[in-house]
Every structure is written in C-alpha cells, then in structure tokens.
Protein chains: 2
Amino acid sequence: MYRDITCGALRAADVKKEVLLSGWVHKLRDKGFVVWIDIRDRYGITQLVFDEERTSSDLLEKARSLGRETVIQAKGEVIERTSKNTNIPTGDIEVLVSELTVLNESLLPPFTIEDETDGGEDIRMKYRYLDIRRNPVKENLIFRHNVSMEVRKYLSDAGFIDVETPYLIKSTPEGARDFLVPSRMNEGQFYALPQSPQTFKQLLMVGGMDKYFQIVKCFRDEDLRADRQPEFTQIDCEMAFVEQEDILNTFEGLTKHLLKEIKGVDIDSFPRMTYDEAMKRYGNDKPDIRFGMEFGELNDVSQHKEFKVFNSAELVAGIAIPGGNTHTRKEIDKLIDWVKRPQVGALGMVYCRCNENGTYKSSVDKFYDQEDLAKWAEITNAKPGDLICVLSGEKNKTRAQLSALRMEMAERLGLRNANEFAPLWVIDFPLLELDEETGHYHAMHHPFTSPKPGQLALLDTNPGAVKANAYDLVLNGNEIGGGSIRIHDAATQAIMFKHLGFTEEEAKNQFGFLIDAFQYGAPPHGGIAFGLDRLVSILGGQETIRDFIAFPKNNSGRDVMIDAPATIDNEQLKELHLKLDL
Amino acid sequence: MYRDITCGALRAADVKKEVLLSGWVHKLRDKGFVVWIDIRDRYGITQLVFDEERTSSDLLEKARSLGRETVIQAKGEVIERTSKNTNIPTGDIEVLVSELTVLNESLLPPFTIEDETDGGEDIRMKYRYLDIRRNPVKENLIFRHNVSMEVRKYLSDAGFIDVETPYLIKSTPEGARDFLVPSRMNEGQFYALPQSPQTFKQLLMVGGMDKYFQIVKCFRDEDLRADRQPEFTQIDCEMAFVEQEDILNTFEGLTKHLLKEIKGVDIDSFPRMTYDEAMKRYGNDKPDIRFGMEFGELNDVSQHKEFKVFNSAELVAGIAIPGGNTHTRKEIDKLIDWVKRPQVGALGMVYCRCNENGTYKSSVDKFYDQEDLAKWAEITNAKPGDLICVLSGEKNKTRAQLSALRMEMAERLGLRNANEFAPLWVIDFPLLELDEETGHYHAMHHPFTSPKPGQLALLDTNPGAVKANAYDLVLNGNEIGGGSIRIHDAATQAIMFKHLGFTEEEAKNQFGFLIDAFQYGAPPHGGIAFGLDRLVSILGGQETIRDFIAFPKNNSGRDVMIDAPATIDNEQLKELHLKLDL
C-alpha cells in the first residue's frame, strides 16, 4: 500500500494519528535544525516536518537531500502546528515523519510547478504532463469532468439516450474539409472522420430513438485560427416529434441546470432575439448582453446635411461609450487608429463628446449643430459624460466594425465580467448565406436545416430572405450551442440540395442513405450541439479553450509533446495503396 | 406541439382524458365497422380505435388507408377497452380518435418491424435505421446507455476524473496496425488513430491526475475476425500510487456494482486464479467457470503402458462430460470428427465410458485395464454415466483443443446459462510471449507492463518465464477487462524496449515523450481497460457485440448503410500530398 490518506485530507481532528502519504516534493525549507517539506498530490498539500530533536540524523539528511518533484512516501504522526497556515485546508497540522521512501527521482522540471509558473506557453505544451501538475490546469480538467458529468446526468434523467455513433464514416466534401483515413482493406477508398454525427443522429430519430445525446469528438481539417482545434468535443443532441419551442425549452433547462449546479447562478428565463434584431442592435449574431452600448442607427438624423461620408453610406451607426468623454484628444486619435487597423477595417470614425453641462462637441461640428447631436445622443442612449463613436459605410461591414469597437471598449472598461452570465437565444437565422467570392448561396447552418414554414417557394425568388428554424445559444458573447429543426421529408431535402448546388447524382452519392431513410417514415425532428470546449471555458470564466483540453494541439495542428503528426514507414504507405506526392 | 404523452404511458386511471399522441403505424386491423391501429414510439404501443358509431366516415376512411410505418399524430379520448390486453402496459385502454394527421408517409419497409423480423442480416444492416425501430435492437442500445451511465457514475463517485485524450496521435507500428490520417498542413506526415489511450493515461498519472477514466473509441486496422470491429469502445482507467491489489479491488467494485444495478445479481467476491493455473485447469486464459469439466492431466496414469500416442505426448489430458455415456457410438464418432476439424486440430480422441455399474469401457482397452481407467475417472472427476474424452500431444496445442471441446460440450449441454454470471480474475500473466513465426518475444499485454518485482534479471536468461503484474477480468468465458501495473522508471522501460527488439533510436523516436516523462517524477501507477462492447453484450445475455452497436461495420470494415469507405475527389488527395498506388 502506497498511502492510507491523501495530501489534502488531514485536519486538526486527525492529530496523533499515524498516517502514510505519497506524493511529490512541492517545496522544501531547510532551517538547519528543522526541515519542512510540502508534499503534494491531486488533493492538496501537507506539510512534513523533520527536526534535530525528534528525527534521526540519517532521516534528516535524507529529507534535506530531496529535490523538487521527487516522488516520495512518508510515514509519520499527525501533530498540531505551532504556527497555523490558514491558506490551506491542512494548515492546522503537520506530519512528523518517521519513515521516508523515495519512490522515484525527478530531474529539475523545465518550469516551476506553481500556480504562477515561470514557463512559457511552448515549453509548457512540450511538457504538458508537468503543466497538468499545476493547480490551474488540473482544476480546469476536473472542472470539465464535472460539467460533462452534469450534462450526462441531466440529459439521461430527461430520457435522452447516449448512443455512440461511428468515427469511421464517409467524406462529404461540402462544408469544411474532412480528415481522411485510407482503408487498407478497401483499396483506393477512404473513410472520413466526422465533422459532427449530424446524419447519424438524424437516422437515430428515423429509427425511433426519440431523444439522443452524446459527448463526442468531432474533426475539421481547417487552417487553424487562434484557439481552434482540429479535434473538438460536442455535446450532440437530437429529439423527435418536436418544434423549435420544445428544443429551446429543453436546452434552456440544461443550461440553467449547469449554471446553477456548476456556478451557483440562478437565471429565470433566457431572453430571445431574432438574428435580424441582434445584427441591428449589436452588429453581431452572438452579442454579449452583459453590458449596453447598443447600436443607434443614425441615418435619419445624419444624412440631411452636407457631410458626404455619411450621405453616401448605407448605414450610419453609433454607440455611446459610458464615461467616454474623459478620453483626451490623443486617446481618441488612438481609438480612431484602432478602428482603422486592418483587423477592424473602418475608414475613419466620427465622435461626439457629451459634456456634463448638456452640450455636445463633435469632430463634425462643421456639419451638425447641437440639435442634430442631441438626436444622436438620444438614439445611442448617450448620457452626459459619454462619448459617441460613429462609423458608417456598407451595412454589414459597418456593423461588424462597430461591434468590434463595442467589444473592445467593454473589455477596456471591465464590463466583460467573467463571473456574470448572460445567456441569450438568437433565433430565426437566415437559411442561406451568400458566398461573396463565388456568388453562390450555401447553408448557413447545414443542408439539413428546414426553412420556416411557408418560405420554401421564396427559395426561387429571394433565397437570401428565407429564414430557417435555426437557433444559437449565446453566452457572454460566445456561441455555445447551435441547432435547427431539420427537414424530415425527402422532397424538401431534394429541393434544398438542388439550391445548394448539388446535382441529383452528387446528392444521391453522398446522402442517398438519408434521402432513403426519409422515405420510410421519418418523424419531425430537430436538435442542437454545444461546443463543450467553449462552454467549459466560459463557465470556467476564461476564454481560451486550450486551457481546458488535456492535450491540445498548436496552431499548426501539431501535438508538440508526442511530436505528431510524423512520417510513417514505407511499408505502412504501401499497405494503404498510397504514395507520397510532395 | 406534436404530443402531450408518449405511446407507453396511458393506464386505466387516464380514462376520459383527452390526449395527443405521435408515432408510427405499427399494425392496423380493419373489421369494416371498426378499425384498430397500434401506434408505436420508443416508449410503447397504444391502441387507437375508430368505429362507425363514434367516428366520422371521413376519419374512418382516412384511418383505414394508412400504411405500416406511416408517421401519424392522433388526438382523442382515452377509453376503457372492452377486452383488455394483459401483454402490454397500456392494454387496459384505447384512444377513441377524433383527429388524425399524417406527419410523414412511409414506403413499405423491406422487412417487418417486429421483435422477430423476416429480414436477413444484410438487409437489416443496410437499413439499420429501420432495424433500430425493432424492440430488441432499440432495447440493446438503451441497455448500453444504462451500463455506460452506471460506469461513469460509479467511477466519478470513486474520485475518477473523465479526461478526454486526443484522437489524432502518432503511429506506433509495434503491435496491431494503426489507422492513419494524412496531415494536410504537415506535408508527408500522418497522424494515427489511437489503438488505446495507453500512453496518454500514463502521462496523466505523471501529471498527478491520480485517478483517470474515459469511455473512449479505439481503432485497430486488423483483418477482421467474426465479431471484431475496426472501431470499438473501451472503459479506460488508470490510477497512481497503487499496487495490483488496489486495482483488483477497485474494479471488482465496479463490476459488482454493474452486476447488482444492471442485472440484480449479488456476487460476494471474485475468485482469482493465476494464468498458469487457468491454463492447467481449463486450457484457456479466460475460462468459463460457470460449469465444471476441469482438465485432468493424465500423463502419470497413461504413459506406463504400450500406447505410443500417449507415451510420445508432452501432455495427456481429459475432461469428463457429465452424462456423456448416453452418447451412441455414432455420436462419439461425430465428436471425434469435430475435434479433428481444422479449426480445432486434434489428431484424434481417446474416450472412456463410465458405466453406471462402476465399470469402464474405453477406446483403448487394448492398453489400459479397469484400474488404469478408474484412475482416469478419479483425476477427471468423472462420475458413473459420464464420458471421459482424452486428447494428447504438444502441451499448448492439446490444452487449446481440449478447451475448445470443453466449451463445445458445455454449449451443447446448455451449461452456458446467459443469466448466470461467473466473474474471475486471472493474474500473473507472462510478461512476454514467443512469436512462433519470428522466434522473437513480444509483450503479451503491452510494452509498458512491469515485470514482477525481482524478475527483471530473468529477462536475460529465461524471458518466457518472467511473470508480469498483469491481470484480466474474465466473465463467463470472455475477457471483459485487462490491465497491468506499469513500469514507471525510465531505466526499466529502456530495458523492456531493448528486450522487445527496439533500437535505442526507435524507442526514442516512438516513445521519447514517455521516457522523458518518467524522468520527471513518475509515480507508481497501473490501470485496466474494459471492452465496453463485449461487457455490454455479456451483461445483456448475448455474445454478438454487433447487436449492441448502433451502426456497426461488417467483416470487411464497411458501413453498408452509408457505403463507406468510398473513393474521394482527386482534389482531396492532392491537398493531402498523396497519390493512389493501386
């Protein structure tokens, strides 16, 4: 037996007990006549003590010689500390060691195993197993476990069945790029790793499974943006005989449960907003509604004068920065530079100071009088002391730019409080999205999303105007879940495939099994998928998903710890009937 | 809203309620003046009734016209049945329908959606989504869900943390063949899909995670034997600061919990048997101990006469078939043919009838007298009325042959009762296994298994004799779990790699990260992995794992429903820097 108690368990009531502990040497303090060692395991830290009076000199020497991160086993008596440490749960006691065994040596770790480490990102990724010993990383993984368990418990109690869907499936070139897996037994053929179990969960509904869920890995071979992983985890759910309302209620229930159980936060009911409204008010389909700074559209009150920039703009819109009038001229110039950065892309910014005395001072006083500016203030909901920032131009671009400014100012003003949770349903998404490059429409959610009842005919005349029974769950400005009511009849699905540019043969080749299935009594159904990595990081009050993944990959899709991907044997290539083509 | 109650819920107490049901037309009986429809969903069947007296003629006609598996919605009043059906929970009532809506049509399914279907295996696999509508398949999937949930609950309550390990890892050609995933972003390089998360779970132990579990998909690109799947699911577990005894106790606890919760079976404590003993007594490292027929080794009482076949054999061993003396001569000849089949491979079989009157009659009476045969009976534990079957030859082969015979006879005698559960720990496995073809030793469990304390030196002199801290959990003749105490120091791991034929460079190249990790304070650790597919099928009283997998592949690794694997676009190949080499 290596231990009879963990390093986080001993309390004052345990004094005089004989205990056996195992763990890592976290810290060693050597005062000459007395040596203290903090022994650490997953559960906590316990102070071991050795002193000249009570410890044999051999044992004292042995203790003194231990390096950081050595794995040790210590036997001894729990004693009361003379000076208690109120910072840790075991701070009332220490263990006077009578036997000490080194279980394994350790080289000096390349960075310190402390909450605040001296190791940079790269070295910590390479030695991820050491990084995991650090409390913040360890606690994130345990937190993730707790969230997963609560999700499973809630959904299972609600009658959902966890069904495992296959990982070796078929490539569907539409949409994101698949990871492919050559088949040795089927020459020249490939499996694909699932981008999501979408079609399988729909087949489970056709199969009468009624309520399905799965916490499942998904794969996308995309050029990685910051904080995207080639493999990621979804909470994948589907229900039969449901309308949108049933789904929103069910998963609002799940999210409330998580907020309550995991964060102790009670939220009564989640607000809902259409996609169009979200774009109009926040310039964003995943608005952070923890704070205001809603958009004011100023076309009506800014296009009646001689200011050509505004007059030629599709949209003139502004936000009021709370207390922003304290900005110096220099600071405002910097802000203008910020919105002109290529990442934001505005051509310029008009501003208007709202003075405490009720007057206004704008960068366009040449064109607009106090009365005009008062209207701007009214529409952007600006108070005396605020700063109104106004952008203009093509509608979608202007909204995106102003949304970026809004988020930046909220960040700077500390309005994005990680301990506040503001969920929001965004509903009525457009069915299709215009690809500016190709001029073709593609599915905004996926090709299986059903149009709003009665809008099917509109596909021919004004495809961009068709709305879908599609919804996102947004939390603190992040999309944490998204889903839709699906098409469940072969005819509508065929129309959708046609509009998405599939020939009949392509549709049959790729999704024939689903179209077939829809002919054998498919029930109405719909579902949702949550991004678990993102959900966990937001619930954890952070925004970097990598911190909540045990062994993440870097931005080139590499695991730098195990050094993967890697070259393979020629023999392996040959068995797969492949040649490199570099 | 599609329904306010499911098809399995209504009882006598619900009579007079107005209800809304949705589901499939399971069966339709048309008596002219009355039409009954069984409407089915996941939860059960409810009888709908339409009759001339109480139903409008339009509605009656509409009901009459419905085909099997049509998806319908029915509104009506719950009424008491005149003739109750005690076979189903809703048998006291029926619903007098006032409104009927067809939600979706259905073609006639290619096989009947009944517990006993007329569909063959192939057609049911192609239309798996229809097969899942059948109760036995649906119930198997729900059963699997229940098992998974209980496993997670038990382990989480015991302090295990569910940590997701990566699916895109590195190929390790040693052992079974990997599925490979070409990397687009890293030209000419490949990921591999994990055969198990073995090294990652060990790194989690190095990382101080202490107790880890995961229900996780694993992949092996093997030529598929019957009932093997290229992707399969493991309950993967690892613990730090443990000895073998700790692991056995923990997972005996889990298994007992499952037997109790899922099957209502109480088992006090699991017997343990060494590998050597299992081979000696049952010729098998996963013996089915629900029944006797233990091997009797007869060398001492059969090699003293002139029977050359036995005298030249390394092993002479027999089993007593209970009541087997009822076999006619012809039946025994058939049994001899059975053991001579290539799949078993015996050269012949000696038998001895144990007559009710205490005398013996053997096929080798020329060589052995009654006194000899009495000894055989004593050693094989044969009773009057039994039939002793004796095989001989090279030890390992003879054991395997006799084990096959033992299992066959148990099957024929109905001794393999699916409702009886006989778990068993097999311990002290050999560390290495001789590959007869190459003459090299390879790891019996895997290269990370630790030899028994003190046996490391034996590796140089008698590698085959080294025992490992490795154990299997056997249930009803199937290995449901296996694991080991791992090596946790770099020096021992290096010795193991050397003995397994790795050059230092190969070892470093493939497992450098693990060897590195062992130098930074790796704790003693060990673990186990259960095959979930197998475990679930045995608990479910069946032996075909495919019946417990939602979307299984066939013996060529194909998913015949979605038709995968499949050819891919040249464009996709090109992006992966690959050419076909057919």
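Chain naming here is simple, since letters A, B, ... match the order of the sequence lines and numbering starts at 1 in each. Quick caveat: nothing in here was measured; it's all calculated off a predicted structure.
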message: Please tell me whether B/Ser171 and B/Asp178 have a donor and an acceptor in their side chains that are separated by less than 3.5 angstrom.
response: yes
- request: Determine, for B/Glu69 against B/Arg40, whether the closest basic-nitrogen to carboxylate-oxygen distance falls under 4.0 angstrom.
  value: yes
message: Looking only at heavy atoms and a cut-off of under 4.5 Å, which of B/Leu168, B/Leu578, B/Ile568, B/Leu582 has the most pairs with chain A?
response: B/Leu168
message: Atom NZ of residue position B/Lys126 - does it have more than 12 heavy atoms of other residues, nucleotides or ligands inside 6.0 Å?
response: no
- request: Check each atom of A/Asp516 against the heavy atoms of chain B and say whether the ones under 4.5 Å are side chain, backbone, both or neither.
  value: both
message: Is A/Leu514 close to chain B through its backbone or its side chain, or both, or neither, when contacts mean heavy atoms under 4.5 Å?
response: neither
- prompt: Going by atom types only, do A/Tyr43 and B/Asp210 share a side-chain donor-acceptor pair under 3.5 Å?
  reply: yes
- request: Could you please spell out the steps behind the side-chain contact (heavy atoms from CB on, under 4.5 Å) verdict for A/Thr101 and A/Ile72?
  value: CA-CA 6 Å; A/Thr101 311; A/Ile72 59 170; over 6 Å; no
- prompt: Do you know which of B/Pro524, B/Pro109, B/Gly557 has the most heavy-atom pairs under 4.5 Å to chain A?
  reply: B/Pro524
message: Is A/Glu245 close to chain B through its backbone or its side chain, or both, or neither, when contacts mean heavy atoms under 4.5 Å?
response: neither
query: Can you say whether A/Asp559 sits under 4.5 Å from chain B via the side chain, the backbone, both, or neither, judging by heavy atoms?
result: side chain
- request: Please state whether the rings of A/Tyr167 and A/Phe219 are parallel, tilted or perpendicular, taking 30° and 60° as the class boundaries.
  value: perpendicular
task: State, without any angle test, whether A/Gln519 and B/Ser106 hold a side-chain donor-acceptor pair at a distance under 3.5 Å.
output: no
- prompt: Where does A/Val216 contact chain B at under 4.5 Å (heavy atoms): side chain, backbone, both or neither?
  reply: neither
task: Please state whether the side chain, the backbone, both or neither of A/Gln202 comes within less than 4.5 Å of a heavy atom of chain B.
output: neither
field: Lys/Arg N to Asp/Glu carboxylate O, B/Asp533 vs B/Arg144, below 4.0 Å
entry: yes
query: Given the options B/Ile549, B/Asp489, B/Leu193, B/Asp223, which has more heavy-atom pairs under 4.5 Å with chain A than any of the others?
result: B/Asp223
message: I'd like to know whether NZ of A/Lys138 has more than 12 heavy-atom contacts from other residues, nucleotides or ligands below 6.0 angstrom.
response: yes
query: Side chain, backbone, both or neither: which part of A/Thr70 has a non-hydrogen atom closer than 4.5 Å to chain B?
result: neither
message: Given heavy-atom pairs under 4.5 angstrom as the criterion, report whether the side chain, backbone, both or neither of A/Tyr127 touches chain B.
response: side chain
- request: Could you check which of B/His145, B/Glu187, B/Met1 has the highest count of heavy-atom pairs closer than 4.5 Å to chain A?
  value: B/His145
task: Identify which part of A/Leu532 has an atom lying under 4.5 Å from any heavy atom of chain B, answering side chain, backbone, both or neither.
output: side chain
message: At a 4.5 Å cut-off on heavy atoms, which part of A/Ala192 comes close to chain B: side chain, backbone, both, or neither?
response: neither
message: Using heavy-atom distances under 4.5 Å, tell me whether A/Tyr212 contacts chain B through its side chain, its backbone, both, or neither.
response: neither
- request: Answer yes when B/Asp563 and B/Arg558 have at least one side-chain N-carboxylate O distance shorter than 4.0 Å, and no when they do not.
  value: yes
message: Can you tell me which portion of A/Lys211 sits under 4.5 Å from chain B's heavy atoms? Options are side chain, backbone, both or neither.
response: both
- prompt: Between A/Gly67, A/Pro110, A/Ala517, which has the largest tally of heavy atom pairs under 4.5 Å with chain B?
  reply: A/Ala517
statement: With chain A, the option among B/Glu231, B/Glu575, B/Met185 that has the most non-hydrogen atom pairs under 4.5 Å is B/Glu231
Exercise: do A/Glu164 and B/Thr233 side chains pair donor with acceptor under 3.5 Å: yes
task: Count the heavy atoms of every other residue, nucleotide or ligand shown that sit under 6.0 Å from CG of A/Asp157, and state whether that count exceeds 12.
output: yes
- line: Ranked by heavy-atom pairs below 4.5 Å to chain B, first place among A/Leu103, A/Val163, A/Leu180 goes to A/Leu180
- prompt: Should we say atom NZ of B/Lys508 is surrounded by more than 12 heavy atoms from elsewhere, each under 6.0 Å from it?
  reply: no
field: Part of A/Val206 lying under 4.5 Å from any heavy atom of chain B
entry: both
message: Given heavy-atom pairs under 4.5 angstrom as the criterion, report whether the side chain, backbone, both or neither of A/Asn509 touches chain B.
response: neither
query: Taking B/Arg152, B/Glu243, B/Met561, B/Glu105 one by one, which has the highest count of heavy-atom pairs under 4.5 Å against chain A?
result: B/Arg152
